[in-house]
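Chain letters run A, B, ... following the sequence lines, proteins first, then strands; residues in each count from 1.
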2 protein chains.
Amino acid sequence: MTPRRRADTAERILDSAERLVQERGYNGFSYADVAAELGVTKASLHYHFPGKAELGEALLVRYTERFECALEAIDASTGDPAAKLAAYADLYGDVVRGRRMCLCGMLAAEVGTLPEPIRRAIVVFFDASEAWLERVLDEGRVDATLEFSGTARETARMLVGALEGAMLVARPYDDVERFDESANRLLAGLRAAS
Amino acid sequence: MTPRRRADTAERILDSAERLVQERGYNGFSYADVAAELGVTKASLHYHFPGKAELGEALLVRYTERFECALEAIDASTGDPAAKLAAYADLYGDVVRGRRMCLCGMLAAEVGTLPEPIRRAIVVFFDASEAWLERVLDEGRVDATLEFSGTARETARMLVGALEGAMLVARPYDDVERFDESANRLLAGLRAAS
DNA sequence: GTCTATACAGCGATAGAC
DNA sequence: GTCTATCGCTGTATAGAC
């Protein structure tokens, strides 16, 4: 049995790699970057994650798990559907305020260079996000606090893309305001007129 | 005087590099890739573009020029503002149908690893796009064919981000429909109720 | 304007000592 | 579990012949 004092080395590797991928992309970071940041050697990283592909997969699994936990926390709150949407958008806002891109949005851009298991894991993330949004949108339509044309699924897909894109475009401006503004526009367009 | 038979080598380099960046990203392509595709050596590329940074800048200049020409062509058409927005979205659709990402969207993701002049050129592209959209949105509000809350500028920014994001998320699914669906949702939300 | 040849740094990855 | 040492490859870039 390994005596585990927190934080686990594997976990620290994931923390470092996650930030690097979100800032620089999968093809823009290396084992050497992570090793330098953690003060260990590259060889040590290979003990925890055999190769870059496996590290990438582990990154996605953890990221998706945490995101789903955040969605559950929103569900457990007392807000109406509009408030839940605002809380959802705020999850993205947190990422932007950390000067990062969504991990999956970043990898979606680079998907042409990524191993197939990673592509599939990106799809799992977006599917989960859309399914949650679809449910909240349906709730809002039922209780008439939200209004939108088209199906809840279509609108959910539009929203995921729109928020990812708002993060993306804000990057070259290094301007958090630009993201917030777009997120507000998006949510305003869904609130019932009443 | 150099006798220029079409297509110019520099132009062919740009064509190849542009496609590679749009598919794989700036950090996901190399001079070797372009050289192989064109059947020349890497050294030959350095004659036309001293370094990768200069090649990247040239890519952005040409891309932005062409995009602005496409916007002028839409302006010259006879459509109403809603039709112009649809034509604008279709420019993005063309890129998606070519299984590419917008050059500037791709570079926006990787901006953390790019030279400063490239970052500035990305901003120029988005600024131009937003300015055009703002004008069309204002026209639509004046003639009451478009309806939206907030300012035309805010809505323009939201739209640019939303369309970029719709392209981005469609990539891991390799699904053009997903983009079209989101673009339609977005435009539907702007059309006047009348 | 394109070539051969090469420099040199960085990459992901492995073997084997400790 | 981390280290040193190293491998084979690819990356960007340059010098100089043609």
How close or far is atom C1' of D:dT12 from atom CD of B:Glu54, stated in whole angstroms?
12 Å
Acceptor/donor pairs from residues 52-61 of chain B side chains to any protein atom, 3.5 angstrom cut, sequence neighbours excluded:
residue, atom, partner, partner atom, Å
B:Lys52, NZ, B:Tyr26, O, 2.7
B:Lys52, NZ, B:Phe29, O, 3.0
B:Glu54, OE1, B:Gly51, N, 3.0

Round to a whole Å and report the spacing from NZ of A:Lys52 to P of C:dC11.
9 Å
Does the pair A:Arg12 and A:Asp15 meet the rule for a salt bridge (charged side-chain N to carboxylate O under 4.0 Å, His left out), with working shown?
CA-CA 5 Å; A:Arg12 291 174 61 227; A:Asp15 291 341; over 6 Å; no
Answer yes or no: does atom CZ of A:Arg99 have more than 12 heavy-atom neighbours from other residues, nucleotides or ligands under 6.0 Å?
no
Near DNA chain D, under 4.0 Å by heavy atom, which residues of residues 15-25 of chain B?
none
For A:Arg120, which residues count as a side chain to side chain donor-acceptor pair (under 3.5 Å) partner, sequence neighbours excluded?
A:Glu116
Are the side chain of A:Arg171 and the backbone N or O of B:Ala108 linked by a donor-acceptor pair below 3.5 Å?
yes
Spacing of A:Leu55 atom CG relative to C:dC11 atom P, expressed in whole Å:
14 Å
Between D:dG1 atom C1' and A:Ile13 atom CD1, what is the distance in whole Å?
10 Å
Does the side chain of B:Trp132 reach to within under 4.5 Å of the side chain of B:Glu68, using non-hydrogen atoms?
no
Under the side chain to side chain donor-acceptor pair (under 3.5 Å) rule, what pairs show up with a residue in residues 133-144 of chain A, not counting sequence neighbours?
A:Asp75-A:Arg135, A:Glu134-A:Arg153, A:Arg135-A:Glu139, A:Asp143-A:Thr145
Specify the separation, in whole Å, of atom OH of B:Tyr26 and atom P of D:dG11.
14 Å
Here the residues of residues 28-50 of chain B within 4.0 Å heavy-atom distance, strictly under, of DNA chain D are B:Phe29, B:Ser30, B:Tyr31, B:Ala32, B:Lys42, B:Ala43, B:His46
Pairing residues for A:Asn184 by the side chain to side chain donor-acceptor pair (under 3.5 Å) criterion, not counting sequence neighbours:
none
